[in-house]
Amino acid sequence: MNNEIVLQHLDQGLLTITMNRPDRRNALNPEMTLGLVAAARRAAEDHEVRAVLLKGAGGTFCVGGDVKSMAEGRAPLPFEAKKTNLRRGMEVSRILHEMQKPVVAQVDGAAAGAGLSIALACDLRVASASVKITTAFAKVGLSGDYGGTYFLTQMLGSARARELYLMSPVLSAQEALALGLVTKVVPDGEVESAAHELAMSLAQGPSITLGYIKKNINNAEHMSLEACFDAEAMHHSRSGETADHKEAAKAFVEKRKPVFQNH
C-alpha cells in the first residue's frame with residue numbers, strides 16, 4: 001500500500017505514515033496529498049490499525065505546499081479545477097481528525113503552512129526542541145488551507161488564531177508548548193523514539209474506549225451540551241460492556257497493569 005512519496009508501515013496495530021520528500025522538506029505536491037488521503041482512509045477503515053503515527057522523512061515534518069513549484073509559473077488550472085483538487089487533498093485533515101483512532105504527529109524540523117494544519121488535525125503532537133512552527137500562509141500571499149484556521153480557533157480561540165495567521169510569527173517548540181499547540185517537547189535526538197513510544201502505547205490501549213473518547217471530544221466542538229451528554233451516556237455504557245473495561249477494572253483492583261485483548 002506504499003508509494004514512494006507516502007510510506008506506510010503497520011506494526012502491532014500502529015500504522016506509521018511517513019511523508020517522504022526529504023529533498024523538498026516534505027513539501028506537499030499532488031502525489032503526496034493523494035497518498036496522504038489514501039493512507040488516512042486506510043487507517044480509518046482497516047480494523048488492524050488501532051493508532052496512527054504521522055511523521056516526515058529526513059528530520060522535517062512538513063513545510064506545507066511546494067512554493068517553489070508554485071513559483072515556477074506553470075500554466076494555471078482553471079479556478080474550479082484548482083478548488084476541486086485542493087478540497088480533495090484537504091480530506092486528509094478531516095479523516096485524521098474524525099477517525100475513531102488516536103493519531104500522533106512527530107513534529108520535528110519544521111511544521112509550516114498546510115504542514116502545520118495537518119499536524120493540528122492530529123490528536124497529539126510530540127515536538128523536537130529545535131522545531132520551528134508557523135502558519136506561514138500570509139507570507140506567501142495565501143489565506144490558508146487544510147483546516148488550520150478551524151483547528152487553531154478550536155484549540156486556542158479566535159483571538160490567538162487571528163494573531164498566528166495575520167502576523168505569522170515563527171514559534172519555537174517551547175512557545176508552541178506554552179500555547180498548547182504541542183503535547184510535549186523532547187530533545188531532537190529523542191523525538192522519533194518518544195513519538196513512537198506514545199503512539200504504540202495508544203495502539204496497545206483499550207481501542208474501543210479510546211475511539212469513543214475521541215468521538216466525545218469531537219462532538220463537543222459542535223453539539224449542544226444535552227446532545228453531548230446523550231452521546232457520553234451511550235458511549236460510556238457501550239465501553240462498559242467491552243472486555244477491555246472488565247480487564248481494566250480487574251487490573252485496577254489487583255493493582256497491576258491491564259493487558260488488553262480486543263486487538
Side-chain angles (χ1 to χ4, degrees), residues 7-18 39-40 42-55 61 95-108 119-129 155 173-174 176-178 180-221 223 225 228-263:
L7 306 177
Q8 300 182 47
H9 176 68
L10 180 61
D11 176 37
Q12 301 179 71
L14 176 62
L15 181 67
T16 299
I17 301 172
T18 304
R42 182 260 178 107
E45 297 169 3
D46 187 342
H47 294 300
E48 295 298 314
V49 177
R50 302 187 299 274
V52 176
L53 173 61
L54 179 62
K55 58 189 287 191
F61 183 73
I95 298 168
L96 292 172
H97 182 65
E98 293 183 354
M99 73 168 73
Q100 285 188 238
K101 301 173 185 181
V103 184
V104 176
Q106 176 186 314
V107 185
D108 48 355
L120 296 175
C122 301
D123 299 301
L124 302 169
R125 284 155 293 282
V126 178
S128 65
M155 293 169 68
Q174 288 299 329
L177 181 65
L181 283 181
V182 299
T183 308
K184 64 178 179 177
V185 176
V186 300
D188 290 359
E190 299 175 16
V191 66
E192 186 168 7
S193 60
H196 185 271
E197 181 180 356
L198 175 57
M200 184 61 79
S201 72
L202 294 168
Q204 297 300 311
S207 304
I208 294 172
T209 296
L210 296 180
Y212 284 149
I213 289 171
K214 183 168 176 176
K215 181 66 174 175
N216 286 341
I217 294 171
N218 285 349
N219 285 344
E221 293 178 344
M223 287 170 47
L225 177 62
C228 285
F229 276 8
D230 290 341
E232 278 191 344
M234 178 177 65
H235 294 153
H236 189 86
S237 299
R238 284 181 174 173
S239 60
E241 295 175 349
T242 64
D244 278 351
H245 164 67
K246 294 177 176 63
E247 164 61 11
K250 185 177 180 183
F252 180 83
V253 172
E254 296 174 358
K255 295 183 171 57
R256 61 174 175 83
K257 185 177 180 179
V259 179
F260 297 112
Q261 300 294 333
N262 72 335
H263 36 70

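Any value given below was found using the heavy atoms of this structure, including those in side chains, with hydrogens, waters and symmetry copies removed.
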Do [X] and [Y] touch side chain to side chain, with heavy atoms closer than 4.5 Å?
X    : Y    : answer
T242 : P206 : no
E192 : H196 : no
M99  : V52  : yes
C228 : M223 : yes

- Query: So does E221 have more than 12 non-hydrogen atoms from other groups sitting under 6.0 Å from CD?
  - Reply: yes
- Task: Kindly check if the number of other-residue, nucleotide or ligand heavy atoms within 6.0 Å of NZ (K214) is above 12?
- Result: yes
For [X] and [Y], which heavy atoms make the closest approach, and how far apart are they?
X    : Y    : result
A173 : V182 : O-CG2, 4.2 Å
A199 : L14  : CB-CD1, 3.6 Å
L198 : S201 : O-OG, 2.6 Å
N219 : A231 : ND2-CB, 3.5 Å
A40  : I95  : O-CG2, 3.5 Å
V191 : S128 : CG2-N, 3.8 Å

Euclidean distance, [Y] [atom2] relative to [X] [atom1], rounded to 0.5 Å:
X    : Y    : atom1 : atom2 : result
Q12  : Q204 : CD    : CD    : 5.5 Å
N218 : I213 : CG    : CD1   : 12.0 Å
H97  : L120 : NE2   : CG    : 11.0 Å
K55  : I17  : NZ    : CD1   : 12.0 Å
L124 : Q106 : CG    : CD    : 13.5 Å
M200 : L53  : CE    : CG    : 9.0 Å

So does [Y] get a backbone contact from the side chain of [X], meaning a donor-acceptor N/O pair under 3.5 Å?
X    : Y    : result
K101 : G211 : no
H236 : E232 : no
R125 : A119 : yes

- Message: Would L15 and D46 count as a side-chain contact (heavy atoms from CB on, under 4.5 Å) here? Give the steps.
- Response: CA-CA 10 Å; L15 181 67; D46 187 342; over 6 Å; no
- Query: Taking NZ, NE, NH1 and NH2 as the nitrogens, is one of them in R256 or E247 under 4.0 Å from a carboxylate oxygen of the other?
  - Reply: yes
